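Just below is one structure, and these are the notes that go with it.
Quantities reported herein were computed from a predicted structural model and do not represent experimental measurements. Here is the naming used below: chain letters follow the sequence lines, and residue numbers restart at 1 for every chain.
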2 protein chains.
Amino acid sequence: MMSPGKSKRQELLCRYLEGNPFLTDNELAHMLGVSIQTIRLDRWGLSIPELRKRLREVAKGSYGQVSALQKEEWIGDLVDLEPGRQGVSILEVSEEMTLNSTKVARGHYIFAQANCLAVSLVNTKVALTGTAKISFKRPVYYGEKVIARAFISRKKDNKFIIRVTSKVRDETIFQGKFLVFAIA
Amino acid sequence: MMSPGKSKRQELLCRYLEGNPFLTDNELAHMLGVSIQTIRLDRWGLSIPELRKRLREVAKGSYGQVSALQKEEWIGDLVDLEPGRQGVSILEVSEEMTLNSTKVARGHYIFAQANCLAVSLVNTKVALTGTAKISFKRPVYYGEKVIARAFISRKKDNKFIIRVTSKVRDETIFQGKFLVFAIA
DNA sequence: CTCTATTTTAGTATCTGGTATTAAAGTATA
DNA sequence: TATACTTTAATACCAGATACTAAAATAGAG
């Protein structure tokens, strides 16, 4: 049997580190009122890596994400684009896009992909979405690749009506009609 | 005068570290074909901190962002919520949300705020957007605070029709009608 | 070519935040 | 009281540095 003091302390230790992964063993030892050796034993028992490795992980994890999310200016990878005519974009549903309880992608990511693609079809410096009528046909899951195809269905002056259909394999999961304004 | 070898090497050093901040002095010394002491002198001259501090910075920088972006699960700050009835959310348009040439927020952020709010009104573990009819009334600019108000306008079984109106001050900038499904 | 200044390398002591290991206390508990 | 679990201690070692001193290599000017 594990003594209640130990398991309680280990729980606390986890909570502290979740709240602040930048704590050293020394600081933890003071916070929990035990020796540094006990902290190391606990970490070992809970297989929590040392500070430097924790930092490395956080840093690495974010390093990929920084460029992934800050460049999330455009959601989805443009794989084909004929400005003024049609375009295709692919989006692989990553973990950040999903509701954490389920593995379902949040609707606005699917929308964002379609919106980005629609706007990029318009061949001007700036284009803005005016109205949109959209419909999510079925949930999209973590890991699935969403292929969005867009084409301009009508054009008048600076107004474009663009239709976007997003599919996973051959199944349509999203459809939308966007009214986009081009701005000189 | 600084020897050309030195300034060239320092430029390279910067580029290497920009590309990969995880490099140790030792690795840099090998890459640049000089001794480790030279690398340290160069770092000192360029006031580049040691590996561990660089990692700390990257990790810290991203730690703020992790909670800002990974919790970007919900876009906008919920300021009022009566589940099953109505809710209010505020979103301040930050730089990342804008098109970089102009200062106009990209439509999908405005949509995301509304979508998050609509979904959160439904008082179940998981809720998904089925269809939506939305309209962007005018562009929203960097720094503006968007206040989205949502209410359930109809309900039948597990289907909810939710209307969202987003305003900047007293001006309506977005309206949307969402059909949301609750999932047990 | 020589003298001087800059640049580079070497070496040593020290620090932090650990790992790994062995051993000895302290504490419960049957 | 004997046994098992838990905690602390002590020691040797490592990576990746700082800080400092000093010597070698190289460049440039007269």
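- Rounding to whole angstrom units, CG of residue A/Asn26 and P of C/dT19 are separated by 13 Å.
- In this structure, B/Gln37 reaches the bases: a heavy-atom distance under 4.0 Å links it to at least one base atom across the strands shown.
- OP1 or OP2 of C/dT19 lies within a sub-4.0 Å distance of a side-chain N or O belonging to A/Arg43.
- For the pair B/Ile36 CD1 and C/dT9 P, the interatomic distance rounds to 12 Å; values are reported in whole Å.
- When rounded to the nearest whole Å, the span between NZ of A/Lys6 and P of D/dC5 equals 10 Å.
- Atom CG in B/Leu55 sits roughly 15 Å away from atom C1' in C/dG18 (whole-Å rounding).
- In terms of position along DNA chain C, the nucleotide closest to B/Ile39 lies nearer the 5' end than the nucleotide closest to the other residue of the pair A/Asp25 and B/Ile39.
- Rounded to whole angstrom, the span from the CG atom of A/Leu23 across to the C1' atom of C/dT16 amounts to 16 Å.
- Within a 6.0 Å radius of CZ in A/Arg85, other residues, nucleotides and ligands contribute 12 heavy atoms or fewer.
- Inspection of the B/Lys133 and B/Ser135 side chains reveals no N or O donor paired with an N or O acceptor under 3.5 Å.
- Ring orientation note: the planes of A/Phe111 and B/Phe111 are close to parallel, at an angle under 30° on the 30°/60° scale.
- For A/Leu51, the side-chain atoms get nearest to C/dG17 when compared with the rest of C/dT9, D/dT18, C/dG17.
- OP1 and OP2 of C/dT8 both lie 4.0 Å or more from every side-chain N or O belonging to B/Ser35.
- For the pair B/Arg9 and C/dT8, the criterion of a side-chain N or O lying under 4.0 Å from OP1 or OP2 is met.
- Between the side chain of B/Asp157 and the main chain of B/Lys159, no donor-acceptor pair closer than 3.5 Å is present.
- Remark: C1' of D/dG16 and CG of B/Leu28 are 12 Å apart, rounded to the nearest angstrom.
- The separation between A/Arg52 atom CZ and C/dT16 atom P is 11 Å, rounded to whole Å.
- Across all strands shown, B/Leu41 has heavy atoms under 4.0 Å from base atoms, whether or not it also approaches the sugar-phosphate.
- Put simply, CG on B/Asp42 is 13 Å from C1' on C/dT9, counting in whole angstrom units.
- Between the B/Arg54 side chain and the B/Ile48 main chain, no donor and acceptor come within less than 3.5 Å of each other.
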